[in-house]
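Throughout, a chain's letter reflects where its sequence line sits, starting with A, and its residues are numbered from 1. Side chains included, hydrogens not; waters and symmetry mates left out as well; all remaining heavy atoms used.
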Protein chains: 2
Amino acid sequence: MWRARQSANASRPACSNWQQVLRPDARFRDQEGICTMMDSAETALAATGDLSLHQQIVNDVEAKILAGDWPPGHRVPFEMELAEQYKCSRMTVNKAMSQLARAGLIIRRKKSGSFVSLPQVQSAVLKINEIRSEIESLGKIYHYDLLERSLRRANANDRAHLDMKDGKVLHLRSLHQAGDRPFCLEERIINVAEVPQSLEESFATTAPGGWLLQQVPWSTAEHTIQAINADSETAKRLAIAEGTACLVIERRTSSNAAHITHVRLTYPGNAHILVARFTPSQS
Amino acid sequence: MWRARQSANASRPACSNWQQVLRPDARFRDQEGICTMMDSAETALAATGDLSLHQQIVNDVEAKILAGDWPPGHRVPFEMELAEQYKCSRMTVNKAMSQLARAGLIIRRKKSGSFVSLPQVQSAVLKINEIRSEIESLGKIYHYDLLERSLRRANANDRAHLDMKDGKVLHLRSLHQAGDRPFCLEERIINVAEVPQSLEESFATTAPGGWLLQQVPWSTAEHTIQAINADSETAKRLAIAEGTACLVIERRTSSNAAHITHVRLTYPGNAHILVARFTPSQS
DNA sequence: AAGTGGTCTAGACCACCCT
DNA sequence: GGGTGGTCTAGACCACTTG
């Protein structure tokens, strides 16, 4: 029933009178009792290590849910109950429960309590690395080639991609190579009105992706992923047979409600694989 | 310099003596002064609405970073400073800053302070819906067909996928259709040792995906995404030409360190597009 | 009407880290 | 050393929801 309270800080002794340390002017009526209980109680959460208390609560509850002990729909103990179990304040429990709610593991309803939520959509975190670091992490030498650079008035396609009315776009086509092999074909348009300094950059040796990240401090991005058959031009550039299946990632980057750039990355065939991982705990 | 403190709750009057309300036994020496300042101060954050205070702080800081006012590497004001600005306790500021740190917008270092982080990897949240709901959300009628169901001893491939030593797997091949058109080809193996009740399910009319989600309450999943050319068998099943580029999503689902199932979903050509969205604020 | 989660406070102690 | 973030508390008020 009662659980040994793990110390929040690594160096805090297991049976130190932490209440006294924390609140020198507090009443100590419970101090001895606590120490006695700690001495006698089995540390049920022995392997929890030196995590913060609210993180331990998160882990414990999460473990219960993952193991199926608490099936979907099950009511998680109230904050007050957990606070009593863990011998901590409601604030600490609340922090843990809020984290679990944000992660989507539980759903919280006032008056009713918190409930284990049903898994609905498989939500996965997809990490799309910078191409350069991705290649270098493979132990290959990164090489970048600019194929085409042109400034033009936005055509219908550009306007649709960048959701703009009129204006100029900088069109860039480039090839990323790993060692001496083509790795990824990049086709990009940049909204010149939003990034005027792009006109002064030749992009002959600087890949536009990393450059833009430095110019536009933070951004929102929308991605689409699809499979296409390589046309003759793509096949030539990527040194693959025409018709080979390619993975195409399109990304539209926005900042402050204005669309900055649109990029289409074409990876040759099944050579490239995206990896995504989903764990309920993260976030 | 000084900012008007937005009330945490919508109904709290702008100039109410909330300190008094919150702490009836507190000293009120500042009460009048606060009200006077509130009356005279411009509400710089007028449009913040009825959000919680820590969420307002999150929004404000995020806006500054997104707009580029605080470029990467810039030091965010210390917790104490922000607490003074917003006329709130450090706890509240801490809550906001912790949230921003979890979202990856800032990096916190003791003694030094918090700094706007450089965007590194494009981390996107990929939502992989249940196939049924995905089809139905398209306004199409969902239809499921079981093509093959067999129980077998795990071969080398199975063992690699499920990271198991020996044992039996249930092998299922099925087709998901939208209206009268093939939508997705599913090939799945289930670790019988982990889900013995799968033997009693025919899967003739029940799609294994949703069924498993109910049996195994929560799970960790690893995904890989790649593009392949359809072989003759796949092409026939999906009613597409041989060699058509297909999007293949493979998912390995685990629970409690044991691998439950491995599924390979093949979507015809560029008909299917995955959409992922990345915003720094979420989480 | 009662109970739950949501939020906030003022203060405290600690580990860590930079100077 | 001193300052920063990390954590925790005991108590408070409020909105919301359900019985």
(message) What is the separation between atom CG on L82(B) and atom C1' on dG5(D), rounded to the nearest whole Å?
(response) 13 Å
(request) Ignoring the backbone of K110(A), work out which of dC17(C), dT7(C), dG5(C) is nearest its side chain. (result) dG5(C)
(request) Measure from the side-chain heavy atoms of K111(B) and tell me the nearest of dG6(C), dC17(C), dG3(C). (result) dC17(C)
(request) Using atom CZ of F115(B) as one end and atom P of dC17(C) as the other, report the distance to the nearest whole Å. (result) 14 Å
(request) Establish, with yes or no, whether the OP1 or OP2 oxygen of dG5(C) is under 4.0 angstrom from a side-chain nitrogen or oxygen of S114(A). (result) yes
(message) Under 4.0 Å from OP1 or OP2 of dG11(D): is there any side-chain N or O of S89(A) that close?
(response) no
(message) Around atom CD1 of I141(A), are there more than 12 heavy atoms from other residues, nucleotides or ligands closer than 6.0 Å?
(response) no
(message) Check the phosphate of dG6(C) against S52(B), side-chain N and O only, distance under 4.0 Å to OP1 or OP2. Yes or no?
(response) no
(message) Using the salt bridge (charged side-chain N to carboxylate O under 4.0 Å, His left out) criterion, which residues pair with E201(A)? Sequence neighbours excluded.
(response) none
(message) For dG6(D) and R108(B) - does any side-chain N or O of the residue sit under 4.0 Å from the phosphate oxygens OP1/OP2?
(response) yes
(message) Assuming nearest nucleotide by heavy-atom distance, tell me which of S112(B) and V93(A) is located more 5' along DNA chain D.
(response) S112(B)
(request) Starting at atom CD1 of I57(B), determine the distance to atom C1' of dC8(C), rounded to an integer number of angstrom. (result) 11 Å
(request) Among dT17(D), dC18(C), dC8(D), find the nucleotide with the atom closest to the side chain of T92(A). (result) dC8(D)
(request) Measure the distance from NZ on K95(A) to P on dT9(C) and round it to the nearest whole Å. (result) 15 Å
(request) Rounded to the nearest angstrom, tell me the gap between atom CD in E79(A) and atom C1' in dA10(D). (result) 15 Å
(message) Determine whether a donor-acceptor pair (one donor, one acceptor, N or O, separation below 3.5 Å) exists between the side chain of R90(A) and the base of dT4(C).
(response) no
(message) Rounded to whole Å, how long is the line connecting atom CZ of F78(A) with atom C1' of dT17(D)?
(response) 13 Å
(request) Please name all residues satisfying salt bridge (charged side-chain N to carboxylate O under 4.0 Å, His left out) with R109(B), sequence neighbours left out, ordered by chain then number. (result) none
(request) Please tell me which of R109(A) and M91(A) maps to the more 5' nucleotide of DNA chain C, matching each residue to the nucleotide holding its nearest heavy atom. (result) R109(A)
(request) Take the protein atom NE2 of H54(B) and the nucleotide atom C1' of dT9(C), then report the distance between them rounded to whole Å. (result) 15 Å
(message) Tell me the interatomic distance from N94(A), atom CG, to dT9(D), atom P, rounded to whole angstroms.
(response) 12 Å
(message) So which atom in G210(A) and which in E130(A) form the shortest heavy-atom distance, rounded to 0.1 Å?
(response) N-OE2, 3.5 Å
(request) Nearest 0.5 Å please: distance from the CD atom of Q55(B) over to the OG1 atom of T92(B). (result) 12.5 Å
